[in-house]
Amino acid sequence: MLPAMPKAAKKPARTADVSVLPLDRILIGDSIRIMNELPEASVDAVFADPPYNLQLGGDLLRPDHSQVDAVDDDWDKFADFAAYDAFTTEWLKAAKRILKPDGCLWVIGSYHNIFRVGSILQNLGFWILNDIVWCKNNPMPNFRGKRFTNAHETLIWASKSKDAKPCFNYEAMKNMNEEKQMRSDWHLPICSGNERLRTETGEKVHPTQKPLPLLYRVIMSSTKPGDIILDPFFGSGTTGAAAKLLGRHFIGIDRDKTYAKHAERRIAETPAATDANVLTTFSKREEPRIPFGIILERGLLRPGQYLFDERQRHKAKVKADATLQVTKAGDNITGSIHKVGALVQGLPACNGWTFWCFDADGRGNLVSIDILRQRVRAEATSH
């Protein structure tokens, strides 16, 4: 149990000192109470896998009459929707208080609860950035044959407010998706095999253990190395394992000591990231701006030289003032590499760095002028 903290006066939230936070620990107790005891604006992200309020009635049997190990634990039972909504409101309020101004919230659920959670978090001022559909590659069949097989769950990704600027590692997600933009439908298997935590008698430790690839993607997409991720319903500890693997800190909360014991053992066996360089996410937006004129000043291109598009459909002459000149319908038109690139294509905008190429060896071997920009950047950062 954390010591009670004095109530702070109403004033703008300040980022908390990480030295006073219980980093990389599992706290046993009520999630709402413990979150309310943590410093305001102290964590970078919250990942929540709250009770789904499945409202199960009776036993669920397979065709061979064996019983399905369904979620029937007391922590998933609420008297009615009003009780569930009150619980959801309180933990979301607590989560919002401890999030930094540009922090983000992830919450996962099924059709039983996710729409109620989404409505409440919007009412509390969270700003929804995306809803992610986790499409399960190997879902549990629908044994009764009275409904569609429930083959997905929904994640809501939200910022603390509309004006917040949460972290999004766009390039990392694109790299992980074979140079294509990461979509909002994630096809990943459910937790099974050796990943599933089991007791000494072979029973599941936790009925809703989430797979490591899911949390890997969540954490990789929306946090930076060294960030703090809080999970108020820690369960089997997947958030902590993924955080350790990726060089992030975690704070786990759960009221069940058995879950915490197995989660602690699991995280202890998870290898920690040791090379900071492999954790750094490359972001083009954070690179220093290089004007095209510097390329001329450095002699990497010269006035009078021609640039071409990759298919050599368009040709432009480089002028001494770092503009390009093209002839179109008998008129000479001059502008920046971006403006002229857009003009020859009939488009409203163009990234001239990636559109224009130069003859690198005098033999017609075209190379993107972006190579020259990257060379200048590399030399600048090496000094």
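Computed from a predicted model, the values in this text were never measured in an experiment.
- If you chain together hydrophobic residues whose side chains sit under 4.5 Å apart, Leu215 and Phe168 fall into the same group.
- Of the possible donor and acceptor atoms, none in the side chain of Tyr170 sits under 3.5 Å from a partner among the backbone N and O of Met182.
- Sequence neighbours left out, the pairs with a member in residues 332-344 that pass side chain to side chain donor-acceptor pair (under 3.5 Å) are Thr327-Asn332.
- Hydrophobic clustering of Ile, Leu, Val, Met, Phe, Trp and Tyr side chains at less than 4.5 Å, counting indirect connections, keeps Leu366 apart from Leu372.
- Checked against salt bridge (charged side-chain N to carboxylate O under 4.0 Å, His left out), Arg196 has no partners two or more places apart in sequence or in another chain.
- Under the salt bridge (charged side-chain N to carboxylate O under 4.0 Å, His left out) criterion, Arg116 pairs with Asp85, not counting sequence neighbours.
- Between the Asp256 side chain and the Tyr259 main chain, a donor and an acceptor come within less than 3.5 Å of each other.
- Glu264 CD: 12 or fewer foreign heavy atoms inside a 6.0 Å radius.
- Note: the hydrophobic cluster containing Val326 also contains Ile337 (ILVMFWY, side chain heavy atoms under 4.5 Å, direct or indirect links).
- Judged by distance alone, with hydrogens and angles left aside, the side-chain atoms of Asn365 form no donor-acceptor pair with the main-chain N or O of Asp361 at under 3.5 Å.
- Residues in residues 226-250 take part in these side chain to side chain donor-acceptor pair (under 3.5 Å) pairs, two or more places apart or across chains: Asp24-His249, Thr223-Arg248, Asp231-Thr239, Thr238-Arg266.
- Other residues, nucleotides and ligands contribute over 12 non-hydrogen atoms within 6.0 Å of the CD atom of Glu179.
- For Arg311, the side chain to side chain donor-acceptor pair (under 3.5 Å) criterion is met by no residue, not counting sequence neighbours.
- A salt bridge is absent between Asp102 and Lys165; no separation between the charged side-chain nitrogens and carboxylate oxygens falls under 4.0 Å.
- In this structure a side-chain-to-backbone donor-acceptor pair under 3.5 Å is missing from Glu90 to Ala86.
- With hydrogens and angles disregarded, no donor-acceptor distance shorter than 3.5 Å links the side chain of Asn113 to the backbone of Val117.
- Between Pro22 and Ile251 the shortest side-chain heavy-atom distance falls below 4.5 Å.
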Please table the atom pairs, donor to acceptor, closer than 3.5 Å between any side-chain atom in residues 314-324 and protein atoms at least two apart or in another chain.
from: Asp321; atom 1: OD1; to: Thr323; atom 2: N; distance (Å): 3.2
from: Asp321; atom 1: OD1; to: Thr323; atom 2: OG1; distance (Å): 2.6

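- Listed by chain and residue number, Ser222 satisfy the side chain to side chain donor-acceptor pair (under 3.5 Å) test with Trp106 (two or more places apart in sequence, or in another chain).
- Between the side chain of Glu195 and the backbone N or O of Leu212 there is at least one donor-acceptor pair closer than 3.5 Å.
- At distances below 3.5 Å, not a single donor-acceptor pair connects side-chain atoms of Lys160 with backbone N or O atoms of Gly125.
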Distance-only criterion, 3.5 Å: show the donor-acceptor pairs between side-chain atoms of residues 126-133 and protein atoms not counting sequence neighbours.
none

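- Side-chain atoms of Arg97 come within 3.5 Å of backbone N or O of Met35 as a donor-acceptor pair.
- For Tyr216, there are no side chain to side chain donor-acceptor pair (under 3.5 Å) partners at least two apart in sequence or on another chain.
- Two residues are said to be in side-chain contact when any heavy atoms from C-beta on lie closer than 4.5 Å; Ser31 and Trp91 fail this criterion.
- Put simply, the side chain of Trp134 never gets that close to the backbone of Leu155: no donor and acceptor are under 3.5 Å apart.
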Verify side chain to side chain contact (heavy atoms under 4.5 Å, CB included) between Trp157 and Leu105, making sure each step is shown before the conclusion.
CA-CA 6 Å; Trp157 179 39; Leu105 167 79; over 6 Å; no
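- A donor-acceptor pair under 3.5 Å is formed between the side chain of Ser368 and the backbone N or O of Asp370.
- Leu279 and Phe250 fall into different hydrophobic clusters, where Ile, Leu, Val, Met, Phe, Trp and Tyr side chains are chained together by heavy-atom contacts under 4.5 Å.
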When the side chains of residues 290-308 are checked against the rest of the protein, which donor-acceptor pairs come out under 3.5 Å, sequence neighbours left out?
from: Arg298; atom 1: NH1; to: Glu379; atom 2: OE1; distance (Å): 3.2
from: Arg298; atom 1: NH2; to: Glu379; atom 2: OE1; distance (Å): 2.3
from: Arg302; atom 1: NH1; to: Gln305; atom 2: OE1; distance (Å): 3.4
from: Gln305; atom 1: OE1; to: Arg302; atom 2: N; distance (Å): 3.2

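- Not counting sequence neighbours, the partners of Glu153 by the side chain to side chain donor-acceptor pair (under 3.5 Å) test are Tyr52, Lys136.
- Within the structure, every pair that satisfies the salt bridge (charged side-chain N to carboxylate O under 4.0 Å, His left out) test and touches residues 206-217, not counting sequence neighbours, is listed here: Asp49-Lys210.
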